[in-house]
Every structure is written in structure tokens, then in C-alpha cells.
Amino acid sequence: MSDQTSIIVAFVVTLAIVAAVAGLTGGLVWAALGPGERAAAAALLAPRAGLVVFVGLIATGIASLAVQPVIRGYFTGARRLAEETRIMLDANPDYRIARAGLPGLRELGEAVNALADRLREQREEVEAKVASAKASVEEERNRLAALMSELSQGVLVCNAEGRILLYNARARQLFDADGAGQAAPVGLGRSIFGLIDRNVVAHALDTIAQRSAQGDADPVVHFLTATRAGQWVRVHVAQVRPHAEPAGARADQPAEAAGFVLTLDDVTRAVEDDGRRDRALRSLSEGIRAPLANIRAAVESLLEYRDMGDAQRVRFLGVIAEEARALSAQLDRTTHEHADALKTRWPLESVLGADLIGAAQRRIESRLGMRVVLEEAESSLWLEAESFSLTQGLAYLAGRLKLELGVDEVRFRLVRAGRHAQLDLAWRGAAVPSTVLGSWEDEPMRAGGEDSPVSLKEVIERHAGELWHHVDAAARASYFRILLPARSAAPSARRGAPAIVSRPEYYDFDLFNQPGQSPDLDSRPLAELAYTVFDTETTGLEPSAGDEIIAIGAVRIVNLRLLRHEVFEQLVDPRRPLAQASIRIHGITPEMLEGQPTIERVLPAFLKFSEDTVLVAHNAAFDMRFLQLKEAATGVRFTQPVLDTLLLSEVLHPNIKEHRLEAIAARLGVDIVGRHTALGDAIVTGEVFLRMVPLLAERGIRTLGEARAASERTFYARVKY
């Protein structure tokens, strides 16, 4: 029941009580009169009955109106007292109830203040003890932070859903060095799949799972990937095991990983040097082919025609000498031009052949729906390979066979052939013409809905391998044979080694337990969501009349933590004059906006910064109107859910009439720094929102859908711009 309804009910009840008391009093007086007195009273009052009733009603109404302010004061005062008590309890322990209202409520407010003082003293004692107990943990974290900041390798730690929960500066540098501002930035709670192709990571995790199932205590997988800035990064993937086995887990099954760790090395220069080395060898081989042919022809002529004349002999010897000088010059040229080229090859890893075949089998069966039979595979055969591109290549060949020859079953054989491994992909049916195989090798690989810009020929060349086609007429079968480099012995992997339990203890963060992002956010608790809190500064207050954005500031909230180092701050050239009145408010002058990017360049970058999050702003309708008016010009649409701290304040404190950002911040104990700057206001709004979350929970508002529904019912939600 609302306060207004309660007051009306109380007023009616009071009116009825007064009327009842007056009627009862009159009845008692009438009963006390004698018969003569009653007759005289009746004769006196009967002609004036209407006047008596009217005066009685007026007196009853006046009495009820006299007590109505007291009733209203107690109702509204009690509600306000409850709201202010919740502020002290859940948001701002230093807040105190003012001495105001009716005497009884003033005394109750003083008692609540005294109780809050005692609670604060006890809380300070507890916090001191907790701070002392956490000192060693904080020191350990500081050591970890210092160590990670000095690492030359990038480090990314992700939970099982691929959300980043720890990173260092080097990792951010590797992936944020885009220049165009379009790469998904590294940040807590963001998806690793915005930085590295999902299929590559999934393949690495699948390989780790297979090795764990085979008894490898601490498997590590490597792969190579390219950033959007064109850098080549060598990635090492290791799993993070849970602290304890889940309830009901079987002893013979490995525990499901709680997440994974990526360590990153920039190998751009090594790959470029490898390319220069290959070009040097190609140049050398092409340059010496003709001179060697001429020398060989001259020598063969001298040997075959031993009785030739001296003049001819001298001419052939001159050819040999000239071509030898040309060879020498070519060698000198190549040595001079490519002396700094490192002797590197495409970074490969040691892969158990059976694991590679198993990964290819799963990919072909799941993506292409083909049957795969393993005819033969040496269990101890190790390869030097980049497993992801090779499994892609095998799936690509199988897909072309299915599409163009109708093949529905393929067979694998893997055996050692000297220093190489011989991998056969066989099928029954028609052979592939050599010209067709050549076109397959040169085209980018596409199979099972997965595209790769790399061709099969490039994959084979990376491995210093060979590919050819054979036909077994007797068996009426055909097969592709791939020759790959093999290891002479297994690498010194720690198979069977005891599990290392200390490593995961460094990563005991709440984000390990957070579920992945879901399209249906309304059912998610507010405490589990990621937020982008933002604010804009503008040329004026009328977006529909042509006012423009001149600054955008934003900060991220993840796991109910305000990440002050993950911010977006950008001035914007509005391409129109600034009013002096607006300059006095935000302090941004026309000179500060000269050379700044326009809104068409800024909004795509801000959309990338805020993706996969809920937007939060104070008086969000104003800021969102500016963004919506730019949709046609920029092609950028912000479709995320939006929460407004102005509306949430009205939800929490309907009996407190002041809902400006400054007033809310003062009420919730948030210090205001940088007011009327976009980033400063965004940070204040973020702090305010964090204080509101427990207050909303006290009112039963715990999910995003409940917060949005409650906001829509407020008066301020009807304000339009």
C-alpha cells in the first residue's frame, strides 16, 4: 500500500472514530435525562435537527483535519527514516539522520544514530583485524604485480568461458598496438576471443584436454597467431586446475579446468627474418641455375670431344671461367644483401602423431559429417608441426573430396620414413587429376564453415614438407601422401610427473566463478554483470536543436569493481561554435577541440570499448539521445541495456526529493572529483552505482530486468529530450 493510500485510510478511520465518539457521547447524555427532560430536549432540538447534524459534522471534520498533519508526519517521517537507515546500513556508514520531524520520530532517529556510531566502532575494529590478517596476502599480490609488470612476455589469464581476469602491460601493448583503434582492447572481463581466433584457442584447449586424459600432469600447447596490427605472436597455452575436485567427480577422470593461462612472445622479427632467408635462398637458387647449366655443358663438351682444337678448348674454358665469376659474384651479392637474415623456420612444436590424427578425425567428423578410419599410426612417432594449420589442411582436403568427388569416408595412415613421417589420407574412388590438385593447393582453405586465408601449399611449405597424389590400382583406392619432419625421440615432457598445485593459488579471483556473457541479460544478477559507466559533455542542452557532443568519458565496472585504469576519454570536434554558457560549465574551449577527431571516428571506438557490457549513466536519456541522433551519420547503434542512476535514486529514495548527482553522491558518501568533466562525472556515477547495488538488493531488486522495470515506473522515466 502506498503512503498516499495509507494516509487516506487513516484519515477516514479517524473521521469515523470522531463521529463514533460524538454519537456515543450524545447517546449517554440522552440516557441520563429524565422523561421530562427528554421531552423538553426533544421539543428544543427537533426544529433545529438539521443545524445540530451540520454542526456535528463540521466539528468532526475539524477534529479529523487537526490530526491529519500528525498522521501524515508519522507516515512520511517513518518512511524517510527507513530510507536513511538503509543508506547508513548498506551504502554510507558515515551518514546520519537529521533532527527533524515529530518528537517520537526525532527520538527514534537519535537512537538509530547512536546505534550507527556503535556499529561503526565495531566495524572499524573488525576492519583493523582483517587488514592485519590480509597484510601478507596483499604483499604476495604486490610481488606478483611487480613481477608481471617487468615480464618481457605478455600474460593473459582467462576463466573457462574465455573472460580475461588478469593481464600485464606487455599483453595489452601487444594487442592494443593497432593504431586504428578498432582492435578489441585488453581488459578485465573482456573475451579473449576478441583478440585471438576462437577456433585456434578451442583447438589448443582440446589438445590440452587430450594430453591430460593421457596422463600428462601439466600439458602446454603452442601456436602462432597474428594481431590486427600485423604482429606475429607466439602463444603458449596452459590450463588452470581447480583448487579441489568437484563433488561427485570420478577419480579416474581429470578435473575440468577452471581456466587457462596464455603467455605471449612477439616473434614478428623472427618471422620476417625467416621470410628474408627464404627470399635469399630463392634468389641464390635462381641465380646459379643458368651459370651451372652453362658450366656443365662446357665441361661435358670438353670431356666428350677430347680432340677439339685449341681455339675451341680455350673458348669453352673461357665460358667456364666467366660463369664461375658470375657464380662468385652472385654468392657475394647474396651474402652481402642477406647477411643479417636469421636461420629461422616457421615456429613449430613437438606433436605426438596420434594426437594430430585424433584432432583431425574429430574436426572432419564434427564439421563435415564424414566417417574417418584410422588404419595405422605409430604410437611413438613425434612430429615437428604447427598442429592447428595441419588439421585445418587435412579437413580441407577431406572437404574437397566430399564436395567434388562424393567421398564420404577417409582413412589415415601414419608411419616413419627415415627422418620424416609419412602421413596418408586415403579414400576409395576416383583419383584427383594433378591439375585439380594444383588448384586445391593454391586456393585459401575452406572447410565445414571455417575459412582460412592460408593456402594448403603455404602450410606444407611452412613445415618443409611435400605433398603428392598416389593411385593404388590393385586396391582401387587413392591417397594423398604428406611428408613431414619427424623427431628422433620424444621430447622431455613431464608425463606422469606430480601435479603442480601451487600455480593456481596465485589466481584466486572471483572472475573464475563468473558465468559467460549471455544474450538474455535481464535474468542475470546485477552483481554478475560488466558495466560501462559513461558521460558526455555537449555544446548545449538541446540535442534535437543541433547541439553536439564535445567529449566522451567512460570507465568499466567488472565484478563490482571500478577499474580506474580501464577508461575511455576523448575530446570531439563538434564542427560548430561553442556557447559561452556551456564553456563556463565544462571548461572546454574551442582551442582544446582543434585537431580532435569528429564524432564519426570516436563513436566506433567507444562502441568497441563498451561492447558486452550494460551502459550506466546519470540522466541517461540525455546522453542516449545524443548517441541515437548520430546513428544515421555514423552507422553506430548502441543496443545494450541502459541503467540510469537518476531513476534508480528515485526508486531507492522516493521520499527524498533531491536527485542531482551531487546530492546523491553526498548522500551515499562518494567524493566528487572532476565534476563537469566527462571522465570525472563517469567515475562519480560509477561509485554512486556501486553504492546503490546493495540498497537495491534490500528492496528485492537483484537482477537487471528487475532494475529496469523499477526504473520505468518512476516519474523521471517519462522525461524526453
Side-chain angles (χ1 to χ4, degrees), residues 144 147-148 151 153-172 174-175 184-227 233-246 249 253-266 347 349-352 355 358-359 362-363 386-388 391 493-495 497 499-517 530 558-559 612:
L144 173 63
L147 175 64
M148 291 189 61
L151 285 176
Q153 287 183 313
V155 178
L156 291 169
V157 182
C158 304
N159 64 10
E161 288 77 29
R163 295 284 162 183
I164 298 172
L165 54 90
L166 184 149
Y167 64 90
N168 66 351
R170 180 57 177 157
R172 188 165 191 168
L174 283 173
F175 286 105
V186 175
L188 295 181
R190 295 192 184 280
S191 174
I192 188 64
F193 305 124
L195 306 171
I196 300 176
D197 182 67
R198 181 186 294 270
N199 294 311
V200 180
V201 177
H203 173 77
L205 296 178
D206 182 56
T207 303
I208 288 176
Q210 291 299 316
R211 293 185 183 178
S212 296
Q214 294 168 4
D216 194 335
D218 197 18
V220 178
V221 173
H222 317 277
F223 63 83
L224 199 70
T225 188
T227 69
V233 178
R234 174 87 163 164
V235 183
H236 308 256
V237 187
Q239 66 179 351
V240 174
R241 290 177 296 278
H243 291 287
E245 295 289 337
Q253 290 184 342
E256 190 170 330
F260 52 93
V261 181
L262 308 178
T263 55
L264 317 166
D265 292 295
D266 187 353
E349 64 172 326
S350 298
V351 180
L352 188 63
D355 288 348
R362 290 189 297 274
R363 179 179 289 267
E386 203 282 302
S387 58
F388 178 69
T391 54
R494 290 167 289 174
R495 291 187 174 270
I500 301 174
V501 297
S502 60
R503 183 179 47 148
E505 293 178 1
Y506 291 106
Y507 307 109
D508 186 15
F509 303 117
D510 290 340
L511 283 175
F512 270 126
N513 303 314
Q514 293 295 318
Q517 292 286 334
V558 176
N559 201 28
D612 292 336

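Nothing fancy with the numbering, it's 1 onward along the sequence.
Taking CG from Asn199 and CG from Asp206, the interatomic distance works out to 12.0 Å, rounded to the nearest 0.5 Å. Annotation: the span from Leu165 atom CG to Asn559 atom CG amounts to 10.0 Å, rounded to 0.5 Å. To the nearest 0.5 angstrom, Phe193 atom CZ is 9.5 Å from Glu161 atom CD. Residue Asn159 holds its CG atom at 12.0 Å from CG of Leu166, rounded to the nearest 0.5 Å. Rounding to the nearest 0.5 angstrom, the gap separating the CG atom in Leu195 from the CZ atom in Arg172 is 11.0 Å.
Between His203 and Thr207 the shortest side-chain heavy-atom distance falls below 4.5 Å. With a 4.5 Å cut-off on side-chain heavy atoms, Tyr167 and Leu188 count as touching. Contact check for Arg170 versus Leu264: no side-chain heavy atoms found under the 4.5 Å cut-off. A heavy-atom distance below 4.5 Å is not found between the side chains of Asp197 and Thr225. At least one side-chain heavy atom of Leu156 sits under 4.5 Å from a side-chain heavy atom of Phe175. Looking only at side-chain heavy atoms (C-beta outward), Arg234 and His222 come within less than 4.5 Å of each other. Using a 4.5 Å heavy-atom cutoff, the side chains of Gln210 and Leu352 are not in contact. Contact annotation: the side chain of Thr391 never approaches that of Arg362 to less than 4.5 Å [non-hydrogen atoms, C-beta and beyond].
Arg211 places a side-chain N or O within donor-acceptor distance of the main-chain N or O of Val220, the cut-off being under 3.5 Å. When atom types are taken as modelled, the side chain of Asp266 and the backbone of Gly154 share no donor-acceptor pair closer than 3.5 angstrom.
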Where do Phe223 and Ile196 land on the side chain to side chain contact (heavy atoms under 4.5 Å, CB included) test, with the steps shown first?
-> CA-CA 11 Å; Phe223 63 83; Ile196 300 176; 4.0 Å; yes

I would like to know whether Arg163 and Ser191 meet side chain to side chain contact (heavy atoms under 4.5 Å, CB included); could you show each step before the answer?
-> CA-CA 5 Å; Arg163 295 284 162 183; Ser191 174; 3.8 Å; yes

Where do Leu262 and Val201 land on the side chain to side chain contact (heavy atoms under 4.5 Å, CB included) test, with the steps shown first?
-> CA-CA 10 Å; Leu262 308 178; Val201 177; 5.5 Å; no

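In plain terms, the two heavy atoms of Val558 and Gly189 that are nearest each other are CG1-CA, 4.1 Å. The minimum heavy-atom distance linking Leu224 with Glu386 is given by the pair N-OE2, 4.3 Å. Val186 and Ala171 get closest at one heavy-atom pair: CG2-O, 4.0 Å. The shortest non-hydrogen separation linking Ile192 to Cys158 is CB-SG, 3.9 Å.
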